[in-house]
Amino acid sequence: MILAIIQARMGSTRLPGKVLEEIAGKPMVWQVVNRVERSKYIDKVVVATSTDSSDDPMAEFCKKADVEYFRGNEADVLDRFYQAAKIFEPDTIVRITADCPLIEGEVIDKIIEKFQSEKADYASNISVYTYPDGMDAEVFTFAALEEAWKNAGKLSEREHVTPYIRLSDKFKVVGVTADDRSGKGMRWTVDEPKDLMFVREIYRRLADKPLFGWKDVLRLLEENPELVKINQEGIMNEGYYKTLYAQAEPNGTVKLNLEKSNELLGKAKDLIPGCAQTFSKGFNQFVKGTAPVFLERGEGCRVWDVDGNEYIDYIQGLLPNILGYANEEVNNAAFEQLKQGHSFSLPHPVEVDLAEKLVELIPCAEMVRFGKNGSDATAGAVRAARAFTGRERIACSGYHGWQDWFIGSTTRNAGVPQAVCDLTHPFPYNNLEALDKLLTTHKDEFAAVIMEPVNFTPPEDAFLQGVKELAHKHGALLIFDEICSGFHFGLGGAQKRFGVTPDMACFGKAMGNGFPISCVVGRSDVMKIFSEIFFSFTFGGEVASLAAALKVLEILETTDALEKMEENGQRLQDGFNTFAAEAGISDRFECIGYPFWSLLKFRDADGTDSMLERSLFSQETIKRGVLTLVSHNMTAAHDATSTEKTLEVYAEVFKVLDEMLKDSNPARFLEGEIIQPVFKVR
């Protein structure tokens, strides 16, 4: 027997009594029951409400409407579900919430079919959100529910029913995705008055189709995009994050054993300038004495330091590990090539294979040249632009590596000739007027505009297209530096996502999942200049990294890796911002940017960037097993379990920070030296 249990209560914080609010002449819960009953597999539907007197109207409605109902524990919703299910003795349970009046039987059936065909313990369409919020359904066995009822101890597990099941490795969990992704990210659930307004309008406009489905709603919204704007702001599953915050128990006395790390640091000071090969990996990017200095190994989204401490890692080598550490398929591809040699005396066929794949995927790519680092690619592209145009000046926006042509324009310009510094001109992102003024001031002198097409700030409407038009108007080439955005923003990069094709583009980092590789791609007439300029080095065609890159692109192209990154990254971003709001410090702590690559902002009370608050956050999260700099560099290996653990850490840390920042001297809570910035690059 398959039993659908619709979770319903009157005590919503943001919209009290919402489940009995009228939609198309009927209470919302009636609409939900009616739509769930359209499932061809569900045998019985029951509304599960609470014994609290506030839910008496719900019970009265069910009686009058002849709807089966059960009353149970108000706070322990898991117990309420279990006790309701026990009465009917089902094999399978479908969980629906009564604030989803656009739920559809066909979608529920798709989940049930996957659940049955996979012989799963749990199936849902929420492991990766490809449906609109409000189309959520979960299917699980009674046995799994019973085990959760017996063993789940956290408030979040009792209040939200399924976390113990879906986040545990005890059960077989499968997911269902939508065949039409156009509704992804839309808000069709009812939490606030504007949500109710949105749903009522949908029902009104589709009144001539009493059996309308979710694809009818999608068509309506496509034809009437103004409807989408009614209620699209808000955090999905905000109530769940609030529960995580409520259950967090702050413990400010956590300590790590870092004996070996500190011993190695002492040796490194005499042997390695700066003690690291990359500024951003240096010990001064963390609170000294509270964070590891040397890592020993990594697997998936986790790393272990030389003292054996384990961390969930959101640095991921500064962004390249898009599939996580030590991905077996990628490593095997490289290893198989290593067995045959990997640094040859002549070109290898894999160079052609990878070039063909990049030309297929990247809009601007007609020809390809390979490098090892992002700086190789950007410097090569700039040299090519200068050779192609016969000009010398470069306009730039963003961070473009360590080579003289760019780093001379920053505060880290020691050793760069002034004549070189004077040829590079930064301009602010999303400011076409500033770029136009710059290009006009040095008329006919600019070889190229090179820029990160996107970082943590979205491009304003028509900005990227405007940059392209300005560059071409002034006879300059447009180069997109996609070292960071490439592949995280999709297989075609940010240029495909935003629909603007540059003359050249630079890719790297994620391309090799940690293997050193980069490339310059672009229009063939421009790229042919690489036959003339000197862009040539011993390891440019090193084959093991090329083989690894081919495998990375294959995995990204044939799996849901990118969707999982976005989904789990969105949960982190939403959880972080919810916790900050719950702690009352959202004006000082904020996660911005895109789900797969988001930035943590730390501000003083006056709104300026705060190294103290960054240091306190870093200190407290690392002690609890989460390794970050200032961003979430998401990978496909960051799964629901690691994301949940991170959220639990963040919830605890925000409670600790709340207390620290109330102190007249929060700096006294630092257990080491404050973090030192390298320099501001964006």
Side-chain angles (χ1 to χ4, degrees), residues 244-245 248-266 275-276 279-295 302-316 318 572 575-577 579-580 582-586 588-591 598-605 608-633 642 645-678:
L244 289 180
Y245 185 79
E249 298 180 2
N251 176 6
T253 61
V254 182
K255 297 288 183 183
L256 291 175
N257 172 23
L258 300 170
E259 183 179 351
K260 290 183 180 178
S261 256
N262 292 328
E263 181 183 338
L264 281 168
L265 177 60
C275 303
F279 278 126
S280 297
K281 297 180 183 181
F283 68 90
N284 61 356
Q285 297 307 291
F286 307 91
V287 178
K288 187 179 176 183
T290 68
V293 184
F294 290 87
L295 297 179
R302 288 175 165 78
V303 290
W304 288 261
D305 67 21
V306 292
D307 290 283
N309 300 304
E310 179 182 342
Y311 309 88
I312 301 171
D313 181 8
Y314 290 99
I315 304 172
Q316 290 292 323
L318 302 177
L572 278 184
F576 184 100
N577 289 331
F579 301 152
E582 289 294 287
I585 50 178
S586 56
R588 302 175 73 169
F589 293 81
E590 185 183 12
C591 184
S598 57
L599 178 70
L600 307 182
K601 295 289 289 183
F602 306 97
R603 304 183 182 97
D604 285 323
T608 58
D609 289 345
S610 171
M611 294 308 295
L612 172 60
E613 292 182 1
R614 173 182 163 181
S615 298
L616 289 171
F617 181 84
S618 174
Q619 169 183 286
E620 298 304 317
T621 53
I622 288 174
K623 288 194 299 185
R624 291 165 175 82
V626 174
L627 188 63
T628 62
L629 279 171
V630 291
S631 60
H632 293 138
N633 298 343
S642 59
K645 172 62 178 173
T646 304
L647 288 171
E648 291 176 352
V649 166
Y650 282 180
E652 181 181 340
V653 167
F654 269 104
K655 284 193 171 179
V656 171
L657 290 172
D658 185 25
E659 293 302 314
M660 289 178 174
L661 295 177
K662 288 175 181 175
D663 192 272
S664 59
N665 180 27
R668 72 182 183 88
F669 294 104
L670 274 180
E671 299 170 20
E673 298 171 15
I674 197 167
I675 293 172
Q676 299 299 314
V678 176

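Below, all heavy atoms of this structure are taken into account, side chains as well, without hydrogens, waters or symmetry copies. Here, residue 1 is the first one in the sequence, and each next residue gets the next number.
Remark: Glu613 pairs with Arg588 by the salt bridge (charged side-chain N to carboxylate O under 4.0 Å, His left out) rule, at least two apart or across chains. Every residue two or more places apart in sequence or in another chain that forms a ring pair (Phe, Tyr, Trp, His ring centres under 6.0 Å) with Phe617 is listed here: Phe576, Phe602, Tyr650. With sequence neighbours excluded, no residue forms a ring pair (Phe, Tyr, Trp, His ring centres under 6.0 Å) with Phe294. The side-chain hydrogen bond (donor to acceptor under 3.5 Å, both in side chains) test applied to Ser598 returns His632, not counting sequence neighbours. With sequence neighbours left out, Ser642 forms a side-chain hydrogen bond (donor to acceptor under 3.5 Å, both in side chains) with Asp639. Remark: Arg302 engages Glu310 in a salt bridge (charged side-chain N to carboxylate O under 4.0 Å, His left out) (not counting sequence neighbours). The side-chain hydrogen bond (donor to acceptor under 3.5 Å, both in side chains) test applied to Tyr245 returns no partner, not counting sequence neighbours. For Glu259, the side chain to side chain contact (heavy atoms under 4.5 Å, CB included) partners at least two apart in sequence or on another chain are Asn257, Asp307. With sequence neighbours excluded, no residue forms a salt bridge (charged side-chain N to carboxylate O under 4.0 Å, His left out) with Asp604. By the side-chain hydrogen bond (donor to acceptor under 3.5 Å, both in side chains) test, Asn633 is found to be paired with Trp597, Ser631, residues two or more places apart in sequence or in another chain being considered.
Rounding to the nearest 0.5 Å gives a distance of 9.0 Å between CG of Leu600 and OG1 of Thr621. Rounding to the nearest 0.5 Å gives a distance of 15.0 Å between NZ of Lys281 and SG of Cys275. The OG1 atom of Thr628 sits 12.0 Å away from atom CD of Gln285, with the distance rounded to the nearest 0.5 Å. Annotation: the span from Lys655 atom NZ to Glu249 atom CD amounts to 8.0 Å, rounded to 0.5 Å. Interatomic distance, CZ of Phe579 versus CG of Asp658, reported as 14.0 Å (0.5 Å rounding). Here Arg668 contributes atom CZ and Asp663 contributes atom CG; the two are 4.0 Å apart, rounded to the nearest 0.5 Å.
Shown here for Leu647 and Gly575, the closest heavy-atom pair between the two residues is CD2-CA, 3.8 Å. Residues Pro292 and Ile622 approach most closely at CD-CG2, 3.7 Å, considering heavy atoms.
Only one option out of Val649, Asn251, Val656 pairs with Glu620 in a side-chain contact (heavy atoms from CB on, under 4.5 Å); it is Val656. Each of Glu648, Glu652, Gln619 was evaluated against Arg624; a single residue qualifies, Glu652, per the side chain to side chain donor-acceptor pair (under 3.5 Å) test.
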Less than 3.5 Å apart, which donor and acceptor atoms pair up between the side chains of residues 671-678 and the rest of the protein, not counting sequence neighbours?
residue : atom : partner : partner atom : Å
Glu671  : OE1  : Lys255  : NZ           : 3.2
Glu671  : OE2  : Lys623  : NZ           : 2.8
Gln676  : NE2  : Ile674  : O            : 3.3

Intermediate values then yes/no, side chain to side chain contact (heavy atoms under 4.5 Å, CB included), Leu670 and Leu612: CA-CA 8 Å; Leu670 274 180; Leu612 172 60; 3.7 Å; yes

Residues Tyr311, Leu256; criterion side chain to side chain contact (heavy atoms under 4.5 Å, CB included); working and verdict: CA-CA 11 Å; Tyr311 309 88; Leu256 291 175; 3.5 Å; yes

Stepwise side chain to side chain contact (heavy atoms under 4.5 Å, CB included) check, Asp609 with Lys601: CA-CA 7 Å; Asp609 289 345; Lys601 295 289 289 183; 3.5 Å; yes

What's the verdict on side chain to side chain contact (heavy atoms under 4.5 Å, CB included) for Cys591 and Leu572, showing C-alpha distance, side-chain angles and the deciding distance? CA-CA 9 Å; Cys591 184; Leu572 278 184; over 6 Å; no

Please test Lys662 against Glu659 for salt bridge (Lys or Arg N to Asp or Glu O under 4.0 Å), starting from the C-alpha separation and ending with a verdict. CA-CA 5 Å; Lys662 288 175 181 175; Glu659 293 302 314; 3.7 Å; yes

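Within the 4.5 Å cutoff, the side chain of Phe589 has heavy atoms near those of the Leu661 side chain. In this structure, Tyr314 and Thr646 have side chains that are in contact, with non-hydrogen atoms separated by less than 4.5 Å.
Side-chain N or O atoms of Thr290 include one that pairs as donor or acceptor with a backbone N or O of Val287 at under 3.5 Å. Judged purely by atom type and a 3.5 angstrom limit, Asn309 has no side-chain atom pairing as donor or acceptor with the backbone of Asp305.
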